[in-house]
A.B. asks: 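What follows is a single structure, and I will ask about it in a moment.
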There are 2 protein chains.
Amino acid sequence: MKSEKSKEILKFPKATFERLKQYHALLTQLEIEQKQRYILSEEIAEMLKITPEQVRKDFSYLKTSGKPKVGYNISELLAELDELFGIKANDNIIIVGAGNLGSALANYKGFQNIGARVVAIFDKDQEKVGKMVGELMVLPLKDIPRVVRRFHVRTVAICVPEDAAQQVADLLVAYGIKAIWNFSTRILDVPNDVIVQNEDITRGLLSIKHMLAESEKRKYENSEV
Amino acid sequence: MKSEKSKEILKFPKATFERLKQYHALLTQLEIEQKQRYILSEEIAEMLKITPEQVRKDFSYLKTSGKPKVGYNISELLAELDELFGIKANDNIIIVGAGNLGSALANYKGFQNIGARVVAIFDKDQEKVGKMVGELMVLPLKDIPRVVRRFHVRTVAICVPEDAAQQVADLLVAYGIKAIWNFSTRILDVPNDVIVQNEDITRGLLSIKHMLAESEKRKYENSEV
DNA sequence: AGAATAACGTGATATTATTCACAACATACT
DNA sequence: AGTATGTTGTGAATAATATCACGTTATTCT
């Protein structure tokens, strides 16, 4: 490749990338609300519990720039982030497991905001096959390869019971799936070229427990002094 | 390999804390499986896609130590992490929103592993009130204060539609709730002393999209060379 | 128009996190 | 028992990230 600079521009710190996802979610929300056209680094910072300097530093990796005393144009910023995350290029995904969690995902309306679409949901249980989940009919597992090929599915959300997660993952790997969105708490064993994104929600609750304990401690210490 | 330093001060880097949660989940799984008594830093590293040095460094903040050529005692390590996260001290939590997501949470069996228990689930919709979700009967929102007081609830999971999230948060704050586990993608505006843990799952999918794009690019570049 | 103001942009500096390198040591082997 | 081996534990070096400090600039005010 020729242009080294253009590559450089799309290269930001990992920590910045994580925050860009948060900015994207926030800006999407603001864009929908249509209450304001511009936003200050300080406003963003307050909402996301970070510093304004951090926000500006992050944005300095982008092409979009803000105006002193006015802030950043929400639409412009969101457009650049959309572009950056490849949101215009839609990704077809499927869900395995039509229990409550799988159904919740299937009904989730926000996927369009991040360039994703759920094209099918599968379940092992014959009782569930044929039932409707939102606008999708639950399909049997054997149909996975056909749907994957037909819709060029690269990403699968695993929403099955804990002890079935690895088994389903093995199946999906065999079908050539590129990325697994793992909603079980199990650590999946897959080949190195398969991406695994874990959504173990219990981690969030552990954080809460820890923060609650911390704030209790502070309260105690303060009353001591 | 001596460690005489006072480990009483349970202060570790933030990054380490994040990983301790992962170790905890992994060790819980291994403890349940009962397949092995010891685990090497290298095995942990491979499963969590980090380096063995990182694992050992993290564990160096703990009292538990490993044995050369043998590894770490799983039960001992898990016991220390349980203690650290205050898992023996049970936390009663409630869920607001009895849709698919709220129901999925209510039925989740892993809460006991992290010292949490769902004591009630609420919904605004009169149609849902009275219905059973797992072993819990859906209650009307007006019962929240009573349950919060009766069960000393400090933490609430918000599983309501996007545009109701802020409203519910305001309500909960008024009832004296200390921590909000936010499953909507909305950024909630709450007083500074209220903890908010966001579980915006779309971030995970954005990461997948990005990684897929990266691996596509690598493939392309390799075929160029 | 010129001055005052408030917010942006970013190089320099400080802080935090990861990796390296190797001594210490438990186990297995001869 | 002594030696070889492989893994731990951790201070030191390096790398990544966040914060600071301040020059720059668009807007508002007089």
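Every chain is numbered from 1 and lettered A, B, ... according to where its sequence line falls, protein lines coming before strand lines.
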A.B. asks: At under 4.0 Å, does any side-chain N or O of B/Thr51 touch on OP1 or OP2 of C/dT19?
C.D. replies: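 Yes.
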
A.B. asks: Give a yes/no on whether any side-chain N or O of A/Arg56 is located under 4.0 angstrom from OP1 or OP2 of C/dG9.
C.D. replies: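 So the side-chain polar atoms of A/Arg56 never come under 4.0 Å of the phosphate oxygens OP1 or OP2 of C/dG9.
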
A.B. asks: Of the nucleotides C/dT18, D/dG6, D/dT27, which one has an atom closest to the side chain of B/Pro68?
C.D. replies: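 For the B/Pro68 side chain, the nearest candidate turns out to be D/dG6.
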
A.B. asks: In whole angstroms, how far is the P atom of C/dA7 from the CG atom of A/Asn73?
C.D. replies: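 It is 17 Å, rounded to the nearest whole Å.
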
A.B. asks: At under 4.0 Å between heavy atoms, what does A/Tyr72 touch on the DNA or RNA strands: base, sugar-phosphate, or nothing?
C.D. replies: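 The answer is sugar-phosphate, as A/Tyr72 gets under 4.0 Å only of primed atoms, P, OP1 or OP2.
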
A.B. asks: For A/Asp58 and D/dT17, what is the distance between atoms CG and P respectively, to the nearest whole Å?
C.D. replies: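 Value for this atom pair: 11 Å.
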
A.B. asks: From CG of B/Leu40 over to P of D/dG9, roughly how many Å is that when rounded to an integer?
C.D. replies: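 Distance check: B/Leu40 CG to D/dG9 P gives 11 Å.
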
A.B. asks: Between atom CD in A/Glu42 and atom P in C/dC8, what is the gap in whole Å?
C.D. replies: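 One finds 8 Å between P of C/dC8 and CD of A/Glu42, rounded.
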
A.B. asks: B/Arg19 side chain N/O closer than 4.0 Å to the phosphate oxygens (OP1, OP2) of C/dA17?
C.D. replies: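 Answer no for this pair, as no side-chain N or O of B/Arg19 is under 4.0 Å from OP1 or OP2.
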
A.B. asks: With a 4.0 Å cut-off, would you call A/Asp91 and A/Arg154 a salt bridge?
C.D. replies: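 Yes, A/Asp91 and A/Arg154 are salt-bridged.
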
A.B. asks: Name the nucleic acid region contacted by B/Thr16, choosing base, sugar-phosphate or nothing; use a 4.0 angstrom heavy-atom cut-off, strictly under.
C.D. replies: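 Nothing, no heavy atom under 4.0 Å.
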
A.B. asks: Output the rounded distance in Å from CD (B/Glu18) to C1' (C/dT16).
C.D. replies: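 The distance from CD of B/Glu18 to C1' of C/dT16 comes to 14 Å, rounded to the nearest Å.
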
A.B. asks: Calculate the interatomic distance between B/Leu20 atom CG and C/dA17 atom C1'; express it in whole Å.
C.D. replies: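 My rounded result for the distance is 14 Å.
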
A.B. asks: Given D/dG9, C/dT18, D/dA26, identify the nucleotide with an atom nearest to the side chain of A/Lys69.
C.D. replies: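 So the side chain of A/Lys69 is nearest to D/dA26.
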
A.B. asks: Could you tell me how far apart A/Lys67 (NZ) and D/dT28 (C1') are, to the nearest whole angstrom?
C.D. replies: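 After rounding, the gap between these two atoms is 15 Å.
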
A.B. asks: When you check the gap from the basic side-chain N to the acidic O, do B/Glu18 and B/Lys14 get nearer than 4.0 Å?
C.D. replies: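 Here B/Glu18 pairs with B/Lys14 in a salt bridge, since their nearest N and O are under 4.0 Å apart.
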
A.B. asks: Can B/Phe85 and A/His210 be said to form a ring pair (Phe, Tyr, Trp, His ring centres under 6.0 Å), step by step?
C.D. replies: CA-CA 6 Å; B/Phe85 287 119; A/His210 186 255; 7.1 Å; no

A.B. asks: Stem list for DNA chain C, please, built from Watson-Crick and G-U wobble pairs under 3.5 Å and keeping only runs of at least 3.
C.D. replies: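 Stems (3+ consecutive pairs) listed as C:1-30 with D:1-30.
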
A.B. asks: Could you tell me whether the side chains of A/Asp200 and A/Thr185 share a donor-acceptor contact shorter than 3.5 Å?
C.D. replies: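 The answer is no; no qualifying pair exists.
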
A.B. asks: Select from B/Ile39 and A/Val70 the residue whose nearest nucleotide in DNA chain D is closer to the 5' end of that strand.
C.D. replies: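 The 5'-side residue here is B/Ile39.
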
A.B. asks: Could you give the CG-to-P distance, from B/Leu62 to D/dT8, as a whole number of Å?
C.D. replies: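 These atoms are roughly 14 Å apart.
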
A.B. asks: If you look at every strand shown and take non-hydrogen atoms under 4.0 Å, does A/Lys14 touch a base, only sugar-phosphate, or nothing?
C.D. replies: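 Sugar-phosphate only.
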
A.B. asks: May I ask you to evaluate whether A/Gln54 reaches the phosphate of D/dT17, defined as a side-chain N or O under 4.0 Å from OP1 or OP2?
C.D. replies: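 No, outside the criterion.
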
A.B. asks: To the nearest 0.5 angstrom, please state how far the CD atom of A/Glu31 sits from the CD1 atom of A/Ile74.
C.D. replies: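 Answer for the CD-CD1 pair, A/Glu31 versus A/Ile74, is 7.0 Å.
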
A.B. asks: Could you tell me whether B/Glu76 atom CD has more than 12 heavy atoms of other residues or ligands within 6.0 Å of it?
C.D. replies: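 Buried by this count: over 12 neighbours within 6.0 Å.
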
A.B. asks: Looking only at the side chains, is there a donor atom on one of B/Thr155 and B/Lys178 sitting less than 3.5 Å from an acceptor on the other?
C.D. replies: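 No.
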
A.B. asks: Looking only at side chains, do B/His24 and B/Asp82 share a donor and an acceptor under 3.5 Å apart?
C.D. replies: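 There is such a pair (donor and acceptor under 3.5 Å, judged by atom type) between the side chains of B/His24 and B/Asp82.
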
A.B. asks: Please tell me which of the listed nucleotides, D/dT8, D/dA18, C/dA17, lies nearest to the side chain of A/Ala15?
C.D. replies: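 For the A/Ala15 side chain, the nearest candidate turns out to be D/dA18.
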
A.B. asks: Any side-chain N or O of A/Ser60 under 4.0 Å from OP1/OP2 of C/dG9?
C.D. replies: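 The answer is no; no side-chain N or O of A/Ser60 sits under 4.0 Å from OP1 or OP2.
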
A.B. asks: Report yes if at least one side-chain N or O of A/Tyr61 is closer than 4.0 Å to OP1 or OP2 of D/dT17; otherwise report no.
C.D. replies: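 No, A/Tyr61 has no side-chain N/O under 4.0 Å of OP1/OP2 on D/dT17.
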
A.B. asks: When you get a sec, tell me which of D/dT19, D/dT8, C/dC20 is the closest nucleotide to the side chain of B/Glu53?
C.D. replies: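 Output: C/dC20.
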
